[in-house]
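None of the values given here were measured: they were computed from a predicted structure. Throughout, a chain's letter reflects where its sequence line sits, starting with A, and its residues are numbered from 1.
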Number of protein chains: 2
Amino acid sequence: MSAEKQVNYRVAEVDKLIHEPARYSIMALLFVVEQADFLFVKNQTCLTAGNLSSHLSKLEAAGYISIKKKFVGKTPKTFLKLTKMGRIAFDAYRNKMKALFTASF
Amino acid sequence: MSAEKQVNYRVAEVDKLIHEPARYSIMALLFVVEQADFLFVKNQTCLTAGNLSSHLSKLEAAGYISIKKKFVGKTPKTFLKLTKMGRIAFDAYRNKMKALFTASF
DNA sequence: GTAAAGTAGTTTGTAGCGCAAACCGAAGGA
DNA sequence: TCCTTCGGTTTGCGCTACAAACTACTTTAC
């Protein structure tokens, strides 16, 4: 019993915050573009503004992204970028998933 | 705008039923062993009985697994196996994830 | 000037989920 | 006979994802 235990336990170790597809999309985008504003991310990910807003709050709370609000002319703009921690976490997640899905089993 | 749209939209297309790590573990297990009973799956996945039970119900409702209850001697036993639909769905999920995570971006 | 229509998001409400604790019926001892 | 174990299922709770409704402006139309 103990010898055969936990064959697939590694799947359970994934970072659930990044595992959520919507959030993965956001982080993947920020991973490659380095910086982006709210509307760009909204368009790229096809998320609604409300949905995006709440996901961003969670990512920020986790320390994975930084949110900076500035005025461009007279309109407010929200700039997003991955933190160092966010980059590391995203990289780790990708590596884990890659290992998981390229393995024969 | 329309040319740059939806770079990462494919992530959102994943089968959420399989995307849940607990359920992925269950399906991965059934994918390789062909048939298993409740306790074996419980031990392998380290899920609690209650948790496993509810995930199995969902997988069954989706038509991904079949649940057969038999008596072995005098004690009831629950046998699980992937349906054809389940195998197809699992395979598709794995292929999608593999493509997603082996791609450079 | 002021009403209506954007713009750029945030907050609220709701349905559904994952999880473990509590529960249940049958079987096997003490 | 009671009670403990076995093999699960049901219940209850906290959290989540999502969209609708809302806020706080700015711009356009009249």
Side-chain angles (χ1 to χ4, degrees), chain A residues 1 6 8-9 11-30 35-62 64-81, chain B residues 1 6 8-9 11-30 35-62 64-81:
Chain A
M1 169 92 72
Q6 299 175 328
N8 296 293
Y9 75 103
V11 191
E13 287 170 1
V14 300
D15 186 335
K16 286 267 213 158
L17 217 87
I18 306 179
H19 199 58
E20 166 64 30
R23 250 144 19 208
Y24 177 85
S25 298
I26 296 167
M27 293 190 71
L29 190 57
L30 294 179
Q35 179 160 50
D37 60 60
F38 189 96
L39 286 183
F40 178 76
V41 174
K42 175 174 170 292
N43 287 334
Q44 292 282 319
T45 58
C46 293
L47 295 169
T48 62
N51 198 0
L52 176 56
S53 179
S54 60
H55 283 308
L56 291 178
S57 296
K58 267 162 210 173
L59 291 172
E60 187 188 29
Y64 286 180
I65 65 166
S66 69
I67 303 182
K68 292 222 161 71
K69 286 159 190 305
K70 298 176 192 172
F71 275 86
V72 175
K74 291 178 180 175
T75 72
K77 278 227 170 225
T78 302
F79 293 95
L80 288 342
K81 63 177 300 191
Chain B
M1 169 91 74
Q6 300 177 325
N8 296 293
Y9 74 103
V11 191
E13 287 171 1
V14 299
D15 187 334
K16 286 268 213 158
L17 216 87
I18 306 180
H19 199 57
E20 166 64 30
R23 252 149 12 213
Y24 177 84
S25 298
I26 296 167
M27 292 190 73
L29 191 56
L30 294 178
Q35 179 160 49
D37 61 61
F38 189 94
L39 286 183
F40 178 76
V41 174
K42 174 174 172 291
N43 288 333
Q44 293 281 318
T45 58
C46 292
L47 295 170
T48 61
N51 199 0
L52 175 56
S53 180
S54 61
H55 283 307
L56 290 178
S57 296
K58 268 162 208 172
L59 289 172
E60 187 188 28
Y64 285 0
I65 64 166
S66 68
I67 303 183
K68 290 222 161 72
K69 286 157 189 307
K70 298 176 192 172
F71 275 86
V72 175
K74 291 179 179 175
T75 72
K77 278 228 170 227
T78 302
F79 292 96
L80 288 343
K81 63 177 301 190

Rounded off to whole Å, could you give me the [atom1]-to-[atom2] distance for the [X] and [N] pair?
| X | N | atom1 | atom2 | result |
| --- | --- | --- | --- | --- |
| B:N51 | C:dA20 | CG | P | 6 Å |
| A:K70 | C:dA8 | NZ | P | 16 Å |
| B:L17 | C:dC17 | CG | P | 8 Å |
| B:H19 | C:dC17 | NE2 | P | 15 Å |
| B:K16 | C:dA15 | NZ | C1' | 14 Å |
| A:D37 | C:dA8 | CG | P | 9 Å |
| A:F40 | C:dT7 | CZ | P | 19 Å |
| A:L39 | C:dT7 | CG | P | 9 Å |

- Query: If you walk 5' to 3' along DNA chain D, what is the first nucleotide with an atom under 4.0 Å of a heavy atom in chain A, and what is the last?
  - Reply: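 Using the under 4.0 Å cut-off, the span is D:dT16 to D:dT27.
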Atom pair [atom1]/[atom2] of [X] and [Y] - distance to nearest 0.5 Å:
| X | Y | atom1 | atom2 | result |
| --- | --- | --- | --- | --- |
| A:R23 | A:L47 | CZ | CG | 10.5 Å |
| A:D15 | A:Y64 | CG | OH | 4.0 Å |
| A:D37 | A:F40 | CG | CZ | 8.0 Å |
| A:L30 | A:I65 | CG | CD1 | 6.5 Å |

Closest approach of [X] to [Y] (non-hydrogen atoms, all atoms of both residues):
| X | Y | answer |
| --- | --- | --- |
| B:L29 | B:V41 | CD2-CA, 3.8 Å |
| A:L17 | A:K58 | CD2-O, 4.1 Å |
| B:Y24 | B:I18 | CB-O, 3.3 Å |

Using a 4.0 Å heavy-atom cut-off, does [X] contact any base of the nucleic acid, only the sugar-phosphate backbone, or nothing at all?
| X | answer |
| --- | --- |
| A:K42 | nothing |
| B:K69 | sugar-phosphate |
| B:L47 | nothing |

- B:R23, nearest nucleotide to its side chain (from C:dG9, C:dG28, C:dC17):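 Nearest listed nucleotide: C:dC17.
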- If you find the nucleotide of DNA chain D closest to B:T78 and the one closest to A:G50, which residue's nucleotide is nearer the 5' end?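 The 5'-side residue here is B:T78.
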- Message: Using five pairs at each end of the helix from C:dG1-D:dC30 to C:dA30-D:dT1 to define an axis, what is the angle between those two axes, to 10°?
- Response: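 The end-segment axes of the helix from C:dG1-D:dC30 to C:dA30-D:dT1 are tilted 30° relative to each other.
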- Message: When you compare the side chains of B:S66 and B:K81, does any donor N or O come within less than 3.5 Å of an acceptor on the partner?
- Response: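 Not at all, the side chains of B:S66 and B:K81 share no donor-acceptor pair under 3.5 Å.
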- Give a yes/no on whether any side-chain N or O of B:K58 is located under 4.0 angstrom from OP1 or OP2 of C:dG18.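 For B:K58, the contact criterion (side-chain N or O under 4.0 Å from OP1 or OP2 of C:dG18) is met.
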- Message: Quick check against the 3.5 Å criterion: does B:S53 have a side-chain atom that pairs as donor or acceptor with the backbone of B:A49?
- Response: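 Side chain of B:S53 to backbone of B:A49, a donor-acceptor pair under 3.5 Å: no, none is there.
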